[in-house]
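Sending over a structure as structure tokens; questions will come in a sec.
Convention: sequence-line order gives letters A, B, ...; per-chain numbering from 1.
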Amino acid sequence: MWVTLLRMIRLTVNETARQFDGDPEMPLLWYLRDVLDMNGTKYSCGMGLCGSCTIHVDGTAARSCVTPMKAVAGKKVTTIEGLSANGDHPVQKAWAAINVPQCGYCQPGQIMQAAALLKSKPKPTDADIDSAMQGNLCRCGTYQRIREAITSAAGVKA
Amino acid sequence: MNRVSQVSRRGFLENVFGAGALILSSRVLPLPLAAAGSAPSWSPSVYLGLEADGTAVLVTHRSEMGTGIRSVLPMILAEELDADLAKTRIEQAIGDEKFGSQNTDGSCSIRDFYDAFREAGATARLMLERAAAAQWSVPASECKASMHQVAHSGSGRKIPFANLVAAAAKLPVPAKSDLTFKSPSEYRYIGKDLPIVDLKDMVTGKGVYGYDAKMPGMVYASIERSPVYGGKVKSFDDAQAKAVKGVQQTVLLEPFKPPHNFQALGGVAVIADTTWAAMQGRKKLQVTWDSSPHDSYESESFKQSLRDTARKPGKVVRKLGDVDKALASAAKTHEAEYYTPLLAHVAMEPPAAVAEFKDGKVVTWAPTQNPQAVQEAVAGALGIDKKAVECHVTLLGGGFGRKSKPDYVVEAALLSRKLGKPVKVVWSREEDVRFDFFHTPAAMYFKAGLDAQGKPVAMLHRSVFPTIGSTFAEGQEYGQEFELGMGLIDTPFAIPNLRAENGPAQNHVRIGWMRAVANIYHAFGLHSFIDELAHLAGKDPVEYALAAIGPARTIDFAAEGAKSWNNGQPAARFPFDTGRLRKVIEVAAERSGWATRKPGKGHAWGFAAHRSFLTYVAAIVEVKVDAAGKVTIPRMDIAVDPGMIINPDRVRAQFEGAAVFGTSVAMLGEITAKDGRIQQSNFNNYPIARLTESPRVTHVHIVPSTAPPAGVGEPGVPPVPPAIANAIFAATGKRVRDLPIRKTKLV
């Protein structure tokens, strides 16, 4: 019983307390998708190369596919589903106003990354956007609209 | 997927996140076979139904992989019906031949269904007007539908559609000749930048993709497949795999019988209770493979063999005048060889599918570009009737041609039958890169004869590539008609002596369609070569190309004795009109400021223009190459004539995206094999363009047209790689003839 208690990982996901006693090496991505049934966070590479799995851990953007469960013990995780109550985060509103998504698969990760950027840099420069967003791949090629949506949400000139 | 968006459409449009917008997203769950949402009380067409409360059900039978077609095609119905979008809902169709082709491939959804959808909408509208006329005892000509109600011009009376549905359902379906269509000046939806219906779901993480689809009681499967094409399992040890927590068992899947078609590749499947456990279990499998005839496939030597073949005469597929004589007597000749490698689709969503085999039937939810191909492939693999396969289509996290091949759905169906429960097959990125239906490698040889002014008077163009035909029949070594008709036969230049030849090549991996297909290599070769000729002649490349194209004309390939595929469309309806090509070139040149550009070392512009999928596209690309040889692309101008379009914003988006896709092809993508095995595995060794590597901004200029709708999804890709290579030559003096460009030291 002590062993079980020691193995129990407690975390918060979108402000709901959760506990997990499975494999502590399992990436957070699969806990979200297969255990909590929250599919907004996507799998695309499993190696932290593409950003589709981006979530926030204690407010900082992280790649959930390479974040093992043991690393989020006691932490607050925010996923795309918890970014706003009704899709009304400024980043989400800008994304919709500019019709950014094509297939949409990478977009939750893009949005989470952009939201984290604007939290740390409310008026990002071009170089800030380049640096923050270059880790997020989009095969459909929506990059220029991503850039436009970020500058719009930030209220800076493109 | 059904009932994805029950949207208060007007509320959505006026205030995307206002309280009035109601969006229901659905967990993908199996629905009883009979129900696909509630059946509308009146279905005047397979594409359109009206419910008792007047809601218009717009059936979308094509797959959504990012083009917006799921939202856009139904707008044609809504337009001709004169519906109020707030009173419509979109329903994704399952695979069923009653819808006609559901193969969302080939840039032809609007082209092929524009007429049928107009007619469906107009038919329903006329029947509603006639029902109103009967109710009022007035002539139908005095009744006009508008925004979900019918009004009587004489008296001003109005009846909402809801109150006419029952009566309209009893009327005979009018003849086509009775139908009237709205004029463009009356359009509410066509020609407008309407947002896609899935927009809010996509920005809130509620969109349901194939990788998200679940069925109660399902298990996850991760399959270890032969690293070499055609290899078979000799033996395997699954003890360590089964020791992974969550792994339940392993299953052996039979290897495919050539030709591979859309069969499951075969291998050893690890079955587990989570994706993670299944994938971890697969990594612990120990499998020994039988040898394969393709064990020695190696890309460098294969490239050389393609090149060697391209240096020899091939099968003549187009002939004009006498090329050999003209070359012999030309003032000057120039020859060049080009090469493009194997490429992978790498859509952001790797393949996945969930299927349940039960009572002799299969129900599946899959990210497929073609649910009827799923039906056929699954039925064939299981030995059941096509109609016993119910294929629901989820959103696709990208397709680009990979997901028109349903091998991953066949895997799920086969495993479900073996296990007696629903199975979700999940592909890792590594599997997606290694087991693609690759875009084929191609070697091309060009030789031109020039007159004293440097104008081309003769051109020989040879192309050698493993054919997509090898997927469907063994021993296929020559290009299929459609491959030859993608930039080898159908070229725009008015050169009096022309010969196009195709040489043989074998496949050693699965080959398939990838966005723009054979246009990719043919356009790269042809438009790089024309640029080389322009520089040789000391002429401006745009002026040179326009002169080589000559005055506007319709090219009659048939009269020459050449069989030009023309996307399977009649030349009368979709002629090769060089005037439209000239026009997009002129527009691109004007909007990009080509004539006043000031190229210099490390900063220059390149141009290419190509017709594909019946659409005319010109690209002008600005590149910078720094002292370290790093390439950046500040700007692209893409001028497009796609015929009549429905949603300009989605058209622009496709060409913005194609600019990025083309950049990846030009600069980065290369799949190689050694000892028969694919050497790449993920985005670290198979890179695709990042935000910082893509054009900073792409301006899309749509030439207004009333010509029949042509393709939009693919034609933006082919002109981009040659335009980039041409720009790089102008900036550095380095002519890159082998892609990807990152392998060449530019400075």
Side-chain angles (χ1 to χ4, degrees), chain A residues 22-23 25-27 29-31 33-35 37-47 49-50 52 79-81 83-84 86-89 91-93 95-97 99-108 111 126 129-131 133-147, chain B residues 16-17 27 64-68 193 195-196 198-209 211-212 214 220 245-246 274-277 279 346-350 395-400 428-429 649-650 653-654 656-661 682-684 688-692 694-698:
Chain A
D23 179 0
E25 299 298 334
M26 180 165 92
L29 172 66
W30 301 114
Y31 173 67
R33 292 181 58 82
D34 291 350
V35 178
D37 221 11
M38 293 169 62
N39 291 305
T41 307
K42 302 302 187 198
Y43 166 77
S44 186
C45 76
M47 280 180 72
L49 298 168
C50 78
S52 293
T79 71
I80 183 71
E81 291 93 340
L83 183 65
S84 67
N86 191 28
D88 49 8
H89 187 284
V91 169
Q92 289 170 309
K93 287 164 84 160
W95 245 246
N99 291 304
V100 176
Q102 290 183 28
C103 87
Y105 193 80
C106 77
Q107 301 296 340
I111 288 167
D126 271 352
I129 293 173
D130 281 357
S131 173
M133 301 306 295
Q134 66 181 338
N136 287 73
L137 289 175
C138 173
R139 190 57 160 149
C140 294
T142 66
Y143 297 126
Q144 73 186 48
R145 294 198 189 201
I146 287 172
R147 190 189 295 277
Chain B
V16 172
F17 303 105
R27 270 288 310 283
E64 182 55 74
M65 53 181 158
T67 62
D193 291 347
I196 54 173
D198 300 301
L199 180 59
K200 187 167 182 187
D201 279 355
M202 287 177 176
V203 304
T204 54
K206 295 196 170 69
V208 181
Y209 297 82
Y211 223 97
D212 306 324
K214 290 173 180 163
Y220 295 84
K245 182 160 185 249
T274 58
T275 310
W276 174 248
M279 288 183 176
V346 293
M348 291 311 287
E349 176 195 43
L395 291 176
L396 282 67
F400 310 109
S428 63
R429 176 61 60 195
D649 176 73
R650 289 299 88 189
Q654 281 304 292
E656 291 165 13
V660 178
F661 198 93
N682 210 310
F683 295 119
N684 49 349
I688 59 174
R690 295 185 176 276
L691 175 137
T692 41
S694 297
R696 180 81 161 67
V697 65
T698 296

key: Shortest non-hydrogen contact from B:Phe661 toward A:Arg139   =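 In this case the closest contact between B:Phe661 and A:Arg139 is CE1-CZ, 3.4 Å.
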query = Using a cut-off of under 4.5 Å for heavy-atom pairs, which of A:Gly46, A:Gly40, A:Cys140, A:Pro108 has the most such pairs with chain B?
reply =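 Most heavy-atom pairs under 4.5 Å with chain B: A:Cys140.
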Stepwise side-chain contact (heavy atoms from CB on, under 4.5 Å) test for A:Asn39 and B:Val208 = CA-CA 8 Å; A:Asn39 291 305; B:Val208 181; over 6 Å; no
request  = State, yes or no, whether a side-chain contact exists between B:Thr274 and A:Arg33 at a heavy-atom distance under 4.5 Å.
outcome  =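 No, every pair of side-chain atoms sits at 4.5 Å or beyond.
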key: side-chain contact (heavy atoms from CB on, under 4.5 Å) against B:Thr67, all qualifying residues, sequence neighbours excluded   =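 Only B:Glu64, B:Ile69, B:Gln654 meet the side-chain contact (heavy atoms from CB on, under 4.5 Å) criterion with B:Thr67.
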Shortest non-hydrogen separation from B:Val203 to A:Trp95 and the atoms involved =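 That would be CG1-CB, 3.9 Å.
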message = Only pairs of heavy atoms separated by less than 4.5 Å count here; which of B:Pro695, B:Ala653, B:Ser694 has the most with chain A?
response =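 Most heavy-atom pairs within the cutoff with chain A belong to B:Ala653.
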ask   = So which of A:Gly22, A:Gly141, A:Cys45, A:Cys103 has the largest heavy-atom pair count under 4.5 angstrom toward chain B?
value =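 The answer is A:Cys103.
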Region of A:Ile111 in contact with chain B, defined by heavy-atom distances below 4.5 Å =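 The side chain, not the backbone.
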request  = First locate atom NZ of A:Lys42, then atom CE of B:Met348, and finally report the distance between them rounded to the nearest 0.5 Å.
outcome  =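 Atom-to-atom, A:Lys42:NZ and B:Met348:CE are 12.0 Å apart.
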task = Check whether any side-chain heavy atom of B:Leu691 lies under 4.5 Å from a side-chain heavy atom of A:Asn136, and answer yes or no.
result =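 With C-beta onward as the side chain, the pair stays apart.
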request  = Would you mind checking which part of B:Ile688 comes under 4.5 Å of any heavy atom in chain A, side chain (CB onward), backbone (N, CA, C, O), both or neither?
outcome  =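 Both backbone and side chain.
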Greatest number of heavy atom pairs closer than 4.5 Å to chain B - which of A:Arg145, A:Met47, A:Met133, A:Glu81 =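 Winner by heavy-atom pair count: A:Arg145.
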request  = Would you mind checking which part of A:Thr142 comes under 4.5 Å of any heavy atom in chain B, side chain (CB onward), backbone (N, CA, C, O), both or neither?
outcome  =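 Answer is neither: A:Thr142 stays 4.5 Å or more from chain B.
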Which atom of A:Asn99 lies closest to which atom of B:Arg650, heavy atoms considered =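 Reported closest heavy-atom pair: O-NH2, 3.0 Å.
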query = In terms of heavy-atom pairs under 4.5 Å with chain B, which of A:Pro101, A:Gly104, A:Ser44 leads?
reply =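 Of A:Pro101, A:Gly104, A:Ser44, A:Ser44 has the most heavy-atom pairs under 4.5 Å with chain B.
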inquiry  = For the interface with chain B, which of A:Gln102, A:Gln107, A:His89 has the highest count of heavy-atom pairs at distances below 4.5 Å?
reply    =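 Top count of heavy-atom pairs under 4.5 Å with chain B: A:Gln102.
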message = Return the CD to OG1 distance between A:Gln144 and B:Thr698, rounded to the nearest 0.5 Å.
response =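 So the gap between those two atoms works out to 5.0 Å.
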query = With no hydrogens and no angle check, is any side-chain donor or acceptor of A:Gln134 less than 3.5 Å from a backbone partner on B:Arg690?
reply =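 Here the side-chain-to-backbone pair does not exist.
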query = So which heavy atom on A:Tyr143 is nearest to which on B:Ala689, and how close?
reply =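 Minimum heavy-atom contact is OH-O, 2.7 Å.
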key: Interatomic distance, A:Thr41 atom OG1 to B:Asp212 atom CG [nearest 0.5 angstrom]   =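 Output value for this atom pair is 10.0 Å.
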Region of A:Tyr43 that comes under 4.5 Å of a non-hydrogen atom in chain B =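 For A:Tyr43, backbone and side chain are both near chain B.
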Geometric class of the A:Trp30/B:Tyr211 ring pair [parallel <30°, tilted 30-60°, perpendicular >60°] =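 Answer is tilted, since the angle falls between 30° and 60°.
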message = Can a side-chain donor-acceptor contact be found between A:Asp34 and B:Thr275 if the only test is distance below 3.5 angstrom?
response =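 Short answer, yes.
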